Amino acid sequence: MAALGFRGVYDRLYRHYGPQGWWPARSPFEVMLGAVLTQNTAWSNVEKALAGLENAELTSAGAIVDAPHDDLAAAIRPAGYFNVKARRLKALCQAYLDRGGWAAMDRLETGTLREVLLRVHGVGRETADDIVLYAFNRPVFVVDAYTRRIFERLDLLEAGMGYEAVRARFEAALGPDAAVYNEYHALVVQLGKSVCRPRPLCEHCCLNPICPSARSRNAE
DNA sequence: GCCCAGGTGTTTC
DNA sequence: GAAACACATGGG
């Protein structure tokens with residue numbers, strides 16, 4: 001049987017898990033906050049941190065920029081790395097204000113928007129792309145640790161590829177489609193959370209619909 | 001108690 | 001540039 005391609009994996013994941021309806025946030029601005037808070041952190045902890053911001057009435061860029069560091073750090077404590085992330089949130093909110101807020105930023109061309117975000121201290125490629133895709137609905141594919149792990153196993157990516165090379169591979173295979181990128185990344189996270197740990201083999205993974213070891217079983 | 005989580009920046013070869 | 005390290009809480 002032919003190996004699954006990027007589109008085939010997407011179709012199979014979508015059939016298996018259904019639409020994910022990401023990003024879990026009530027506003028584009030909250031997407032931005034969550035994108036920083038979730039860095040190397042489980043989403044359940046991010047939810048607690050977002051609630052902490054609400055309780056502390058730190059829900060606007062202005063309030064976050066003006067808040068004392070210790071207050072902000074205390075509010076987001078459950079998300080971990082709270083000192084680091086407090087600084088990063090302030091930097092992102094400052095840039096957000098400097099750029100005139102969401103509507104003004106939405107007038108930027110996608111590449112420019114991405115560069116603007118990447119210049120913010122604490123916003124790396126994945127965080128920037130989370131924001132560009134999920135807060136601005138632009139067709140930029142988000143690459144995370146799960147993406148590499150899973151697609152290297154599927155022999156659709158080579159080990160050691162850089163972030164931009166992986167992103168380019170997905171975008172070339174799928175064409176520019178923000179709606180597909182939106183679901184795809186969410187589906188990859190869903191799959192990655194349930195199976196496919198780095199070292200252990202595939203016992204679980206073999207039960208799963210796109211596992212390479214299960215390909216013959218799942219041949220279509 | 002140990003491992004891991006929807007990374008990023010800094011330091012050091 | 002690539003590898004090693006710091007940053008920290010909460011759930012399994």
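A note on names: the letters A, B, ... follow the listed sequences, proteins ahead of strands, and every chain is numbered from 1. In this text, all values refer to a predicted model and were calculated from it rather than measured experimentally.
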Undergrad: Between A/K48 and C/dA8, is there a side-chain N or O to OP1/OP2 distance below 4.0 Å?
TA: no
Undergrad: Once you round it to whole Å, what is the distance between P of B/dG7 and CG of A/D129?
TA: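 In whole Å, B/dG7 P and A/D129 CG are 13 Å from each other.
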Undergrad: Heavy atoms only, 4.0 Å cut-off, all strands: where does A/D130 land among base, sugar-phosphate and nothing?
TA: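 Touches nothing.
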Undergrad: C/dA8 phosphate, OP1 or OP2: any side-chain N/O from A/N83 under 4.0 angstrom?
TA: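 Answer is yes, contact under 4.0 Å.
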Undergrad: For A/F136 together with A/W102, are the ring centres under 6.0 Å from each other?
TA: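 Yes, the ring centres sit under 6.0 Å apart.
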Undergrad: Would A/H185 and A/D129 count as having a side-chain donor-acceptor pair, cut-off 3.5 Å?
TA: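 No pair is found: no donor N or O on one side chain lies under 3.5 Å from an acceptor on the other.
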Undergrad: Which nucleotide in the list B/dG7, B/dA5, C/dG11 gets nearest to the side chain of A/S44?
TA: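 The answer is C/dG11, which lies nearest to the side chain.
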Undergrad: So does A/R26 pair up with A/E30, basic N to acidic O under 4.0 Å?
TA: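 Counted as a salt bridge, because a side-chain N and a carboxylate O are separated by less than 4.0 Å.
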Undergrad: Given B/dG9, C/dT9, B/dG7, which nucleotide is nearest the side-chain atoms of A/H121?
TA: B/dG9
Undergrad: Does A/R149 place a side-chain N or O at less than 4.0 Å from the phosphate oxygens OP1/OP2 of B/dA5?
TA: yes
Undergrad: Using heavy-atom distances to pick each residue's nearest nucleotide on DNA chain B, tell me which of A/V123 and A/A35 is more 5'.
TA: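 Going by which nucleotide is closer to the 5' end, it is A/A35.
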Undergrad: Using whole Å, what does the distance between atom P of nucleotide B/dA5 and atom NZ of A/K85 come to?
TA: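 From A/K85 NZ to B/dA5 P: 14 Å.
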Undergrad: Can you tell which of B/dG7, C/dT9, B/dA5 lies closest to the side chain of A/E126?
TA: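 Nearest listed nucleotide: B/dG7.
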Undergrad: Roughly how many Å is it from CZ in A/R148 to P in B/dA5, rounded to a whole number?
TA: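 Rounded to the whole Å, the gap is 14 Å.
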Undergrad: Within the 4.0 Å heavy-atom criterion, would you say A/D144 contacts the bases, only the backbone, or no part of the nucleic acid?
TA: sugar-phosphate
Undergrad: What distance, rounded to whole Å, do you find between the two P atoms, one in B/dT8 and one in C/dG10?
TA: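 Approximately 22 Å lies between the P atom of B/dT8 and that of C/dG10.
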Undergrad: Does the pair A/R114/A/E164 count as a salt bridge with the N-to-O cut at 4.0 Å?
TA: yes
Undergrad: Run the salt-bridge test on A/R169 and A/E158 with the 4.0 Å N-O cut-off and return the result as yes or no.
TA: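 Salt bridge present between A/R169 and A/E158.
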Undergrad: With the side chain of A/Y81 defined as its heavy atoms from C-beta on, choose the nearest nucleotide among B/dT8, C/dT9, C/dC7.
TA: C/dC7
Undergrad: Whether A/T41 contacts C/dT9 is assessed here as follows: a side-chain N or O lying under 4.0 Å from the phosphate OP1 or OP2. Is that the case?
TA: no
Undergrad: How is A/R88 classified with respect to the nucleic acid when contacts are heavy atoms under 4.0 Å: base, sugar-phosphate, or nothing?
TA: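 The answer is base, as A/R88 lies within the cut-off (heavy atoms under 4.0 Å) of a base atom.
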Undergrad: Taking any heavy-atom pair under 4.0 Å as a contact, classify A/V84: base, sugar-phosphate, or nothing.
TA: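 Sugar-phosphate only.
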